[in-house]
Amino acid sequence: MAQLHRPIIGWTLAIVAGTALGFVLGEPLLWLGIATLCCGFTWLYRKGMAVSLSICLLALCLTGWRTSCVREQDVAVRIRLKELQREGSYFRLKATVTNDRQIIWRKRGGPYCRFSVENAFFDSGTEIHGVDLSIYYYDRSGQFPETGETWLMYGKLRKNSWGYRMGVSVQGDTATHLIAEDRLTTPQYRFIAFRNKLAGYLALGVSLNEALLTQTMVLGGRSRLPYKLSHQYADAGIIHIFAISGLHIGIVAGLLLWIFGGIGFRLRTRAFLLLPLLCGYLLLTGVPPSAARACLMALFYCFAPCFWRKPDAICALFVTAAIVLLIEPRWIFNVGALLSFNVMGGILLYFTPLSYFFSRAMKAHPQRQLDGDILLYPSWTVRVRRTFAAILSLTLSAWIASVPLCLFFFGRVSLIGLLLNLFVPMLALTVVWGACISLLTGAFLPWLAIFLNRLNAFTLSFVDWCTQQMLRLPWAVIEVSHRPSVFLVLILEMGLITLGLWLRRVEEHLREEDPLDPCARIVPPLDA
């Protein structure tokens, strides 16, 4: 409990609050004035708690000032786009094609290409911020822009828009390829080209649709999944296995640490070698919010011993949130980022007490004692029950933390996700392990890569079959007619935090009465 009072957590909460209030209230000059007053107050009262409070308030005001400036730029861009959409007029757009490029075949009219863009500018040179533009590119010749190419397009905004997502229809004969401004040689797109090469190894011996699931699970790019399939997995509550997150980063980091340990590297050497490799994997996946959160947390956690600090997952989570918002404040409204941080916080808060309570309920809690304080290894039945209790606790912790945000953003909550997440992540773990081995052996042992790819395809087809069967149940998904307001979601979040802290207090009280808990350190007998 004492960890919850560390200064870094207060500073992070100030940064989060400043980012949110800056987007909601605006007024950058007001924030700058309050920050100046905080500096003066800190200089006058340089004692004790006043300094800490002043620093937190200063962090809140500075992030609020920066975020309000970003908000003004975004609002100006959205107003101009809304005017163009309302008038139905054409405009010029210069942008770079991203990695989610898809060619879609129609029954009539031939194929078209849909892709997102980055580094987008109006013809006046104003950069487009705060809006996700999707380009619908039509060309009868079938020649479409490639990833990393920069194009000058003449298009019209589509009538339908989804929040901050807007579509632009472009005809191929009005677009110009700006070869001199292509970004194919930049490090980002070199990683994309390398990613596409690795994706080819995962397609050996299987169909394109089967390979797409494995490629998405290991290399990212969830936007490439068909809408029907993505909607199915979202309703089942297991769409997270296709989002690069802690599961995937943990597998990659564990594999690398195991290799470094086998070679004989020391702990600090392993951490420094892990840094560039995890950053490379993050760039390989396109830097989605969940992957950025998991990668930064893993690096902070692994680097703590290098600076003679005890690894602390809670502090790592808060530091990661602060760094992410300082780099990209718009992620505070990103659904993937919010769910990733919220679920990870719920796991850290609820997992330990729930695991303790479930272990006691399954009679896997008491342990035998020999002479002195030496404990025997538990029997295999006790270990199986403890493992099941841990899986159940992890699933329930993540589900509890995701409920308020799922109701707010989607208006529905998956109940069958509680059942599917008891075994689907384990199957996803085997798929990611098999895919990693396939990537390592695809160049010189293609027969092994083909075998592993077919095994992964069979595993994912089993997951798909289980998902379809579960969705047929009448209570599979709960929908609400009216989504909760932001105020109600904040109340639910505060209530869940209070409940988690109370459960941790109860757990600590029970542990003091019964020291032989399943989380106690077990040592072998002296004659072992």
Side-chain angles (χ1 to χ4, degrees), residues 22-29 67-183 223 227 328-335 409-411 483 486:
F23 272 116
V24 173
L25 302 178
E27 302 295 339
L29 292 180
T67 307
S68 59
C69 294
V70 172
R71 175 181 179 270
E72 288 189 348
Q73 298 173 1
D74 294 349
V75 169
V77 169
R78 291 182 196 132
I79 290 175
R80 182 173 180 183
L81 289 175
K82 287 293 183 182
E83 291 177 352
L84 292 172
Q85 186 182 42
R86 184 174 57 255
E87 297 170 358
S89 56
Y90 287 83
F91 68 101
R92 291 194 179 277
L93 172 72
K94 185 178 75 171
T96 303
V97 183
T98 59
N99 194 35
D100 63 346
R101 173 182 177 275
Q102 287 180 303
I103 296 178
I104 301 173
W105 292 85
R106 298 178 294 174
K107 294 182 179 179
R108 295 180 181 180
Y112 69 93
C113 185
R114 184 180 66 193
F115 53 87
S116 300
V117 293
E118 63 180 6
N119 300 320
F121 294 87
F122 289 114
D123 53 356
S124 61
T126 304
E127 188 173 1
I128 299 177
H129 292 287
V131 178
D132 295 330
L133 290 180
S134 295
I135 307 299
Y136 295 79
Y137 191 94
Y138 302 90
D139 195 337
R140 293 184 179 275
S141 65
Q143 298 180 355
F144 302 115
E146 297 290 340
T147 299
E149 294 180 348
T150 302
W151 284 71
L152 180 63
M153 295 168 281
Y154 191 66
K156 181 176 69 172
L157 285 165
R158 299 164 73 95
K159 293 183 179 180
N160 296 329
S161 60
W162 305 269
Y164 296 147
R165 296 182 180 180
M166 307 182 77
V168 181
S169 298
V170 177
Q171 299 295 328
D173 55 355
T174 64
T176 305
H177 181 198
L178 305 178
I179 301 178
E181 299 187 29
D182 281 347
R183 300 172 58 85
S223 58
Y227 174 78
E328 182 50 78
R330 296 182 184 91
W331 274 12
I332 197 170
F333 297 119
N334 185 285
V335 181
F409 287 109
F410 313 115
R483 299 184 183 182
V486 176

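Heavy atoms only: backbone and side chains are in, while hydrogens, waters and symmetry mates are out. Small disclaimer: the values here were computed from a predicted structure and weren't measured.
Here E328 pairs with R330 under the salt bridge (charged side-chain N to carboxylate O under 4.0 Å, His left out) rule; sequence neighbours left out.
Judged by distance alone, the side chain of T67 and the main-chain N or O of F23 form no donor-acceptor pair under 3.5 Å. Looking only at distances, no side-chain donor or acceptor of S134 sits under 3.5 Å from a matching main-chain atom of S116. A donor-acceptor pair is defined here as one N or O able to donate and one able to accept, closer than 3.5 Å; such a pair exists between the side chain of Q85 and the backbone of R158. Side-chain atoms of R165 never come within 3.5 Å of backbone atoms of V131 as a donor-acceptor pair (strictly under, hydrogens ignored).
Annotation: the span from H129 atom NE2 to E72 atom CD amounts to 13.0 Å, rounded to 0.5 Å. Going from atom OG of S89 over to atom CG of L84 covers 4.5 Å, rounded to the nearest 0.5 Å. For the atom pair OG1 (T150) and NE2 (H177), the distance works out to 7.0 Å, reported to the nearest 0.5 Å. Going from atom CD1 of I104 over to atom CZ of R114 covers 4.0 Å, rounded to the nearest 0.5 Å. The CZ atom of R78 sits 11.5 Å away from the CD atom of Q73 when rounded to the nearest 0.5 Å. Atom CG of L178 is separated from atom CG of L152 by 5.5 Å, given to the nearest 0.5 angstrom.
A95 approaches V117 most closely through the heavy-atom pair CB-CB, 3.5 Å. Across all their heavy atoms, A175 and W151 have their closest contact at CB-CE3, 3.7 Å.
Remark: of the listed residues W105, Y138, Y137, Y138 is the sole one forming a ring-ring contact (aromatic ring centres under 6.0 Å, His included) with Y112.
In this structure, R101 is not positioned above the aromatic face of F144 in the sense of NZ or CZ being under 6.0 Å from the six-membered ring centre and within 45° of the axis.
For the pair V168/V170, a side-chain contact is recorded, criterion being any heavy-atom separation below 4.5 Å from C-beta on. Contact of the D139 side chain with the Q171 side chain is not registered, since no non-hydrogen atoms from C-beta on lie closer than 4.5 Å.
With respect to D74 and R80, no salt bridge is recorded, no charged nitrogen being found less than 4.0 Å from a carboxylate O.
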Report the C-alpha distance between M166 and L81 in whole Å, list the side-chain angles of each, state the deciding distance to 0.1 Å, and finish with yes or no for side chain to side chain contact (heavy atoms under 4.5 Å, CB included).
CA-CA 9 Å; M166 307 182 77; L81 289 175; 4.0 Å; yes
I would like to know whether I128 and L93 meet side chain to side chain contact (heavy atoms under 4.5 Å, CB included); could you show each step before the answer?
CA-CA 10 Å; I128 299 177; L93 172 72; 3.4 Å; yes
Between L157 and F91, is the side chain to side chain contact (heavy atoms under 4.5 Å, CB included) condition met? List the steps.
CA-CA 9 Å; L157 285 165; F91 68 101; 3.8 Å; yes
Run the numbers on M153 and I135 for side chain to side chain contact (heavy atoms under 4.5 Å, CB included), then give the verdict.
CA-CA 10 Å; M153 295 168 281; I135 307 299; 3.9 Å; yes
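Around atom OH of Y90, no more than 12 heavy atoms belonging to other residues, nucleotides or ligands sit under 6.0 Å away.
A donor-acceptor contact closer than 3.5 angstrom is absent between the side chains of T176 and R92.
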